[in-house]
Student: 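Okay, handing you the structure first.
This one's a predicted model, so the numbers in the text were calculated from it and none came from an experiment.
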Amino acid sequence: MKLVYKVEDKPMFGQIIVFAIQELPAILAATIAVPAIIGNGMSQSAALFGAGVGTIVYLLFTKFKSPVFLGSSFAFLGSMFAAFGGAASVSVGYAGLLIGALLAGLVYVVIAIVVKFAGAGWVNKLMPPVVIGPTVAIIGLSLAGNAVSDSLAGAFDADASAYIMDTHVWACLICAIVTLLVVCICSVFGKKMAKMIPFIIGILVGYAVALIFPLIGQASGNDALAIIDFTRFQTMQWVPDFTFIEAFKGFGSVTGEYIATVAVAYVPVAFVVFAEHIADHKNLSSIIEPDLLADPGLHRTLLGDGVGSIAGAFFGGCPNTTYGEAVGCVAISGNASVVTSLATAILCILASFFAPFVTFLATIPGCVMGGVCFTLYGFIAVSGLKMLQPVDLNDNRNLFTASSILIAGIGGMALQIGAVKLTSIATALILGIIVNKLLGIKKKA
């Protein structure tokens, strides 16, 4: 696609602020969802602060050549639960979060050192377009259910195998469709800035529509039309509760056995996320054209991701990872300026201390973000399929490789092996590599 702003371009200051505000909602929901799921008093604003710090660390390591945003990783949810589950107290659990993030980050550092001396050529041999393309596609497709569920208020009925449409669900669906259509129209027909900030316009219009339904509900006495949760403003947190403050209280009670437990929970997951790291950077490379695995280099992106994850967890407790939502923003807006990523990171840090702003973003209805995510996740999936364009699918080796990845990924082939959980994406990637290599050996014979 044609980029309006390339990586090295610097939009005007006012534009940068607007672009950063656009990217923030796209990454906010997932970033603050992880601490909310883990509980144990973890601070959502601290996770937002940590995401900002982690992203800045990443940008420094990659010499500001890669427009990537790091946010809380869902892959480490099980690891974080294990850190608290094996802890003698909550403080020790917080200490475990930092120890685990440090160990996982060190895995990236070690791999980065190996790549530095061995080169990154093996990555292209191990993961050619026929492998990486379908893998990127299933990253987007695996999130499709989230976009649909958010758009329909999660009203899925397992017995009916369908979403049950009542007044509330209909209202949510209308908001989602309006948001989706506004984003699409702005992106396709918009002029100048309107074309570059379709998410902001879509979210604002969707939010406005969502405001209408509660007013109708109050007038008619129908509570089912209350889509926006304004009670969040009653529990605003003004100052982030940084993880390291509580963690330092628990380090004195950390035992060798507990460290081993945390290591087993975190280290294997780091190798799984490594595969997703490559897929995300391959995807972004296909959009911005320069190959990020060559320049700034895989060793630098790994160092940035690993050290950035450690830094982010130090403040927010959550190991960070590269966000596909940010890649989707680049693809749809045509803005790959790395200055936007930096501005978004700084905005996250500032916003974590301004509770009303973060709370306002948190009140954006899930259905509105669902409409936005239809485009974000869809672009990720389509960009993966585009990587298959130069691949000869008349060759059965390529056909079966791509097929096995797509079926394993879309089918949700996640595997729990002892304390390690392989996500469906990681499982599909591993299966695709095995199939591709085995069929390659047979073809040569």
Side-chain angles (χ1 to χ4, degrees), residues 54-55 57-58 61-62 66 68-80 100-128 131-136 138-139 142 262-285 291-294 296-313 318-324 326-327 380 384 405 408-409 413-415 417 419-434 436-437:
T55 299
V57 170
Y58 172 89
F61 270 97
T62 55
S66 177
V68 161
F69 188 91
L70 301 185
S72 305
S73 173
F74 278 77
F76 286 97
L77 280 175
S79 307
M80 296 171 72
L102 175 62
L103 293 173
L106 288 177
V107 170
Y108 273 45
V109 172
V110 171
I111 297 176
I113 293 173
V114 172
V115 170
K116 173 64 177 176
F117 291 99
W122 59 272
V123 174
N124 292 325
K125 293 180 180 179
L126 193 65
M127 303 180 201
V131 171
I132 206 69
T135 302
V136 170
I138 62 174
I139 290 176
S142 66
V262 171
V264 170
Y266 274 83
V267 171
V269 178
F271 286 99
V272 173
V273 179
F274 162 67
E276 296 180 10
H277 172 99
I278 293 177
D280 281 338
H281 283 79
K282 281 280 191 179
N283 185 17
L284 184 58
S285 296
D291 185 359
L292 296 174
L293 301 190
L298 179 58
H299 64 291
R300 284 188 173 274
T301 66
L302 285 171
L303 282 173
D305 201 344
V307 179
S309 182
I310 295 172
C318 307
N320 290 339
T321 188
T322 53
Y323 263 19
V327 177
I380 296 171
I405 294 173
M413 193 175 174
L415 304 177
I417 306 173
V420 181
K421 181 177 180 179
L422 289 177
T423 65
S424 58
I425 297 170
T427 304
L429 176 59
I430 294 170
L431 177 61
I433 291 173
I434 293 173
N436 187 54
K437 289 300 178 183

Student: Give, for atom NZ of K282 and atom CG of L298, the distance between the pair rounded to the nearest 0.5 Å.
Tutor: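 So the gap between those two atoms works out to 9.5 Å.
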
Student: When you measure from the side chain of T62 to the backbone of R300, do you find a donor-acceptor pair of N or O atoms at a distance under 3.5 Å?
Tutor: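 Side chain of T62 to backbone of R300, a donor-acceptor pair under 3.5 Å: no, none is there.
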
Student: Give the C-alpha distance, both sets of side-chain angles, the deciding distance and a yes or no for side-chain contact (heavy atoms from CB on, under 4.5 Å) between M127 and N436.
Tutor: CA-CA 9 Å; M127 303 180 201; N436 187 54; over 6 Å; no

Student: What residue among I434, T427, I433 forms side-chain contact (heavy atoms from CB on, under 4.5 Å) with I430?
Tutor: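 Passing option: I434.
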
Student: For G312 and N320, which heavy atoms make the closest approach, and how far apart are they?
Tutor: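 Smallest heavy-atom distance, with atoms named: CA-ND2, 3.7 Å.
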
Student: Any chance you could measure I380, atom CD1, to I139, atom CD1, to the nearest 0.5 Å?
Tutor: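 Rounded to the nearest 0.5 Å, the CD1-CD1 separation comes out at 7.5 Å.
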
Student: Which heavy atom of A408 sits nearest a heavy atom of L431, and at what distance?
Tutor: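 Nearest heavy atoms, A408 then L431: CB-CD2, 4.0 Å.
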
Student: Could you go step by step and tell me if F76 and T321 meet the side-chain contact (heavy atoms from CB on, under 4.5 Å) rule?
Tutor: CA-CA 10 Å; F76 286 97; T321 188; over 6 Å; no

Student: For a quick test of reading the model, state the closest non-hydrogen atom pair linking L292 to S66 and the distance between them.
Tutor: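 Heavy atoms only, the tightest pair is CD1-OG, 3.5 Å.
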
Student: Compare every heavy atom of A313 with every heavy atom of P319, then report the nearest pair and how far apart it is.
Tutor: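 For P319 and A313, the tightest heavy-atom pair comes out as N-CB, 4.2 Å.
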
Student: If you take all heavy atoms of A279 and I132, which pair is closest and at what distance?
Tutor: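 What the structure gives for the nearest pair is CA-CD1, 3.8 Å.
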
Student: Let me confirm one number: the OG-CD1 distance from S424 to I405, rounded to the nearest 0.5 Å.
Tutor: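 Reported value, rounded in 0.5 Å steps: 12.5 Å.
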
Student: Just do the side-chain contact (heavy atoms from CB on, under 4.5 Å) check on T301 and D305 with the steps written out, would you?
Tutor: CA-CA 6 Å; T301 66; D305 201 344; over 6 Å; no

Student: Which pair of heavy atoms, one from G304 and one from Y58, lies closest together, and at what distance?
Tutor: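 Looking at all heavy atoms of both residues, the closest pair is C-CD1, 3.6 Å.
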
Student: Quick one: CG on L106 to OH on Y266, what's the gap to the nearest 0.5 Å?
Tutor: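 Output value for this atom pair is 13.5 Å.
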
Student: Between V68 and D280, is a side-chain contact (heavy atoms from CB on, under 4.5 Å) present by the stated rule, with each step listed?
Tutor: CA-CA 9 Å; V68 161; D280 281 338; over 6 Å; no

Student: Would you call the rings of Y108 and F274 parallel, tilted or perpendicular, taking 30° and 60° as the class edges?
Tutor: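 Y108 and F274: perpendicular rings.
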
Student: Can a donor-acceptor pair be found between the side chains of H281 and T322 at a distance below 3.5 Å?
Tutor: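 No, no side-chain donor-acceptor pair sits under 3.5 Å.
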
